[in-house]
Amino acid sequence: MLRLHDTASGRLEVVRAPEGAPLRLYVCGPTVYGPPHIGHGRQSLVYDVLRRYLEWTGQPVHHVSNVTDVDDKIINRAGSELRDWREIAEESEQSWWQAMDLMGLARPDETPHATEFIPGMVEVIEQLVARGAAYEIDDGVYFSVAAVPDYGLLAHQPLESLRSGARVEVASGKRSPLDFVLWKKAKPGEPSWPSPFGPGRPGWHTECVVMSLGLLGEGFELHGGGTDLKFPHHENERAQAVALGRRFAAHWMHHGMVEVGGAKMAKSIGNVTDLGELLASTDPRAYRLLVLQSHYRAPIEVTPVQLEAASQTLERLDSLARRLEEAPGGELAPAADPGLLESFRERMDDDLDTPRAMAMVFDAVRLANALLAGDDVAGGVARGRQALECAAAVGLRAAIPAVVSEAAAELASRRDRARAERDWAAADHLRDELVALGYRVEDTASGTRVYR
RNA sequence: GGCGGCGUGGCCGAGUGGUUCAGGCAAGGGCCUGCAAAGCCCUCUACAGCGGUUCGAUUCCGCUCGCCGCCUCCA
């Protein structure tokens, strides 16, 4: 039974779908105005892990994640590059999915685009105006936070204290500095859609309300996103739903930021590492492992040193997989002792304690290796398979050794013959040849093992 | 100013009121091996500081110092 830290209550809460139904998960996706950075990568990994884990336990998931494809940032970039805003959005989204595929992420079941839901958003805005929760002024339609008695629930601050800290300028006509724009009236040259308030485009906070409720339904189980979205984005989503009289997310989860030298990585600060860059230079699994080795709510540093350490760790997983593949009688290994799988689930169910879960996995890896090296091969295989299964449950797959070329296989068997004849010079020479071909060479009880 | 979080061994990074432990990386020693690689074993015994509670605190409470996040766009 999964329990997660719920941002709304501040406590661990059981997150559960109705019997037999998929667990409905909504995650705030990217605004596509540039290539994804490693912070986006972490986010996608966190929810990929959650989703895979749930599915592994037999709980299906209905995962929706939006794509904000119309927004000031996109429009501004289009303006400065003298290009069509749609082109920016499309190309940025492409690079997004490219990176996600490279990371081995299961795509969300649905990826709604803001521009596809504008009529629905206009409808919601009209309803909010009709209910007195929104008002129109010169430049747009604004939501009145005063209309929601428990505004500040996610921020854990009363309206008054949020207002006193507000750094945002009071737009002319806004009733409260915290009021936020629902509909932006178009200026000349800006993309626009028709509405009763004149041509314009929606503000950012409305799309997620319309898409999540529309695609998942009221009271969907879980809404996620970066901790920086708690306020105001998620607060404002929720405020709209409340003002509409609709049940919104039952639970909220927020993941921590990627930091650089202790400071949040953000495009606005300029300390951003491109995700594509990282994936080009590292085994993408290393980033997944790095994410798994820290808790999702904690901030993480992603440095070359850490990625290198993670890659080394991965090598333990991969070498175990090679060993299992060759273990004599592996097919006859006894059924896995459920002990590890049970404790693994316990750790995961406790607010996705992936660091401890991973510690258990690597503990099991070590134990499996010890058994395999000793006289309990069957036990080692069973234990090893458990370890690999747990890793796979969170999307971490041991590398499947590349198919060895005929030439390499020939070199390997010649080396075995040389070794049998104790012709070490020839054996070492053959090993060098294999290495030159890009293979790694290990000796095993059954002879030379080559892999890439 | 308000709200929230953090400070752990050479590095990263978990966790807990008390016997033995996170885990990984790195380092050193050993085993195995013709050598190497992989693997296994051992070593490296830390919890910012100061008080308090307690039979006992890294873990609870208070204070101090340092750092960070949110309150504006942001994953």
Side-chain angles (χ1 to χ4, degrees), chain A residues 7 10 27-31 33 36-47 65 71-73 152 154-158 160-169 177-178 180 204 224-233 235 254-259 261-269 272 289-290 292-295 297-301 303 305-316 318-320 322-323 347 353-363 365-374 419 422-425 427-428 431-432 435 440-444 448-449 451:
Chain A
T7 308
V27 180
C28 279
T31 298
Y33 67 103
H37 57 64
I38 57 180
H40 296 120
R42 181 191 192 184
Q43 148 152 316
S44 301
L45 285 165
V46 164
Y47 295 102
S65 188
D71 172 89
D72 287 2
K73 290 202 177 82
L154 294 175
H156 292 288
Q157 287 196 78
E160 222 7 82
S161 102
L162 284 165
R163 190 206 306 269
S164 69
R167 285 176 280 164
V168 61
E169 284 177 30
L178 296 170
F180 55 93
W204 179 39
T227 184
D228 55 348
L229 297 187
K230 269 186 225 174
F231 192 93
H233 182 54
E235 191 77 52
H254 291 95
H255 64 269
M257 301 288 100
V258 170
E259 299 188 344
K264 173 183 165 184
M265 191 186 75
K267 291 184 192 178
S268 51
I269 303 174
V272 170
L289 180 57
L290 203 55
L292 287 166
Q293 282 177 320
S294 59
H295 189 85
R297 284 193 281 126
I300 55 170
E301 295 272 347
T303 64
V305 171
Q306 296 217 56
L307 287 167
E308 174 54 27
S311 298
Q312 291 303 320
T313 308
L314 234 31
E315 181 53 36
R316 291 177 62 71
D318 293 346
S319 75
L320 174 64
R322 292 194 294 273
R323 226 161 269 129
R347 294 328 318 157
D353 189 358
T354 56
R356 294 259 321 246
M358 285 301 102
M360 288 178 38
V361 166
F362 285 100
D363 229 5
V365 168
R366 185 191 47 72
L367 179 59
N369 281 328
L371 293 174
L372 288 169
R419 292 188 71 224
R422 308 184 73 78
D423 182 354
W424 309 128
D428 289 351
R431 178 166 60 201
D432 291 345
V435 169
R440 296 171 70 178
V441 179
E442 287 174 4
D443 288 348
T444 74
T448 297
R449 171 197 288 152
Y451 65 97

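In what follows, chains are A, B, ... by sequence order, proteins preceding strands, each numbered from 1. Everything numeric in this text was worked out from a predicted model, so none of it was measured.
Rounded to whole Å, the separation between the P atoms of B/G7 and B/U59 comes to 12 Å. Between the P atoms of B/A48 and B/G13, the separation comes to 15 Å (whole Å). Rounded to the nearest Å, the gap between the C1' atom of B/A26 and that of B/C12 is 11 Å. B/U20 and B/A27 are spaced 30 Å apart, taking the P atom of each and rounding to whole Å. Using P as the reference atom, B/G18 and B/U58 are 11 Å apart when rounded to the nearest Å. Comparing B/C50 with B/G66, their C1' atoms are spaced 15 Å from each other, to the whole Å. Taking the P atoms as reference points, B/G23 lies 11 Å from B/C41, given to the whole Å. A distance of about 23 Å separates the C1' atoms of B/G49 and B/G10, rounded to the whole Å.
The separation between A/D363 atom CG and B/A22 atom C1' is 8 Å, rounded to whole Å. The nearest whole Å value for the distance from the CE atom in A/M358 to the P atom in B/G24 is 12 Å. Regarding A/L372, its CG atom lies at a distance of 23 Å from the P atom of B/C31, rounded to whole Å. Rounded to an integer number of Å, the gap from NZ of A/K264 to C1' of B/U72 is 11 Å. At whole-Å resolution of the value, CD in A/E308 and P in B/C25 are 11 Å apart. Following rounding to the nearest Å, A/Q157 (CD) and B/G1 (P) show an atom-to-atom distance of 14 Å. Summarising the geometry, the separation between NE2 on A/H254 and P on B/G69 is reported as 18 Å, rounded to the nearest angstrom. We find that NE2 of A/H40 is positioned 4 Å from P of B/A75, with the value rounded to whole Å.
Summarising the geometry of A/R163 relative to A/P177, their closest heavy-atom pair is CG-CG, 3.9 Å, with the distance given to 0.1 Å. The nearest pair of heavy atoms linking A/G256 to A/T227 is CA-CG2, 4.2 Å.
Summary of the strand contacts: A/A155 and A/L162 both lie near RNA chain B, and taking for each the nucleotide with the nearest heavy atom, the more 5' one is attributed to A/A155.
Scanning for side-chain contact (heavy atoms from CB on, under 4.5 Å) contacts around A/D71 gives A/T31, A/T68, A/K73, A/I74, with sequence neighbours left out. Remark: A/T303 pairs with no residue by the side-chain hydrogen bond (donor to acceptor under 3.5 Å, both in side chains) rule, at least two apart or across chains. Remark: A/D363 pairs with A/R366 by the salt bridge (charged side-chain N to carboxylate O under 4.0 Å, His left out) rule, at least two apart or across chains. Residues forming a salt bridge (charged side-chain N to carboxylate O under 4.0 Å, His left out) with A/K230 (at least two apart in sequence, or on another chain): none. Qualifying side-chain hydrogen bond (donor to acceptor under 3.5 Å, both in side chains) partners for A/R42, counting only residues two or more places apart in sequence or in other chains: none. Looking at residues two or more places apart in sequence or on another chain, you find a salt bridge (charged side-chain N to carboxylate O under 4.0 Å, His left out) between A/D443 and A/R415, A/R419. Evaluation of the salt bridge (charged side-chain N to carboxylate O under 4.0 Å, His left out) rule for A/E315 yields A/R322, A/R440 as partners, not counting sequence neighbours. Annotation: ring-ring contact (aromatic ring centres under 6.0 Å, His included) contacts of A/H40 (sequence neighbours excluded): A/H37, A/W96. In this structure A/Y47 satisfies the ring-ring contact (aromatic ring centres under 6.0 Å, His included) test together with A/H255, sequence neighbours excluded.
The backbone N or O of A/C28 lies less than 3.5 Å from a partner atom in the side chain of A/Q43, making a donor-acceptor pair.
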(request) Return one dot-bracket line describing RNA chain B 5' to 3' (Watson-Crick or G-U wobble pairs, both distances under 3.5 Å; ( ) same strand, [ ] crossing, | another strand, . none). (result) (((((((..(((.....[....))).(((((.......)))))....(((((..]....))))))))))))....
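Counting any heavy atom pair closer than 4.0 Å across all strands shown, A/A309 reaches sugar-phosphate atoms only and no base atom. Within the nucleic acid shown, A/V258 comes within 4.0 Å of at least one base atom, counting heavy atoms only. A/M360 comes within 4.0 angstrom of no nucleic acid atom, judged by non-hydrogen atoms across all strands. Looking at heavy-atom distances under 4.0 Å, A/P232 makes contact with sugar-phosphate atoms alone, never a base. Within the 4.0 angstrom heavy-atom criterion, base atoms lie near A/H37.
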(request) List the protein contact pattern of nucleotides 33-46 of chain B with one symbol per nucleotide (5' to 3'): B for base contact, S for sugar-phosphate-only contact, - for none; contact means a heavy-atom distance under 4.0 Å. (result) -BBBBSSSS-----
(message) Protein within reach of the bases, or only the backbone? For nucleotides 6-19 of chain B, mark each nucleotide 5' to 3' as B, S or -, using heavy atoms under 4.0 Å.
(response) ------SSSS----
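For B/G69, neither phosphate oxygen OP1 nor OP2 lies less than 4.0 angstrom from any side-chain nitrogen or oxygen of A/K230.
Considering NZ of A/K264 and CG of A/D228, their distance stands at 4.0 Å, rounded to 0.5 Å.
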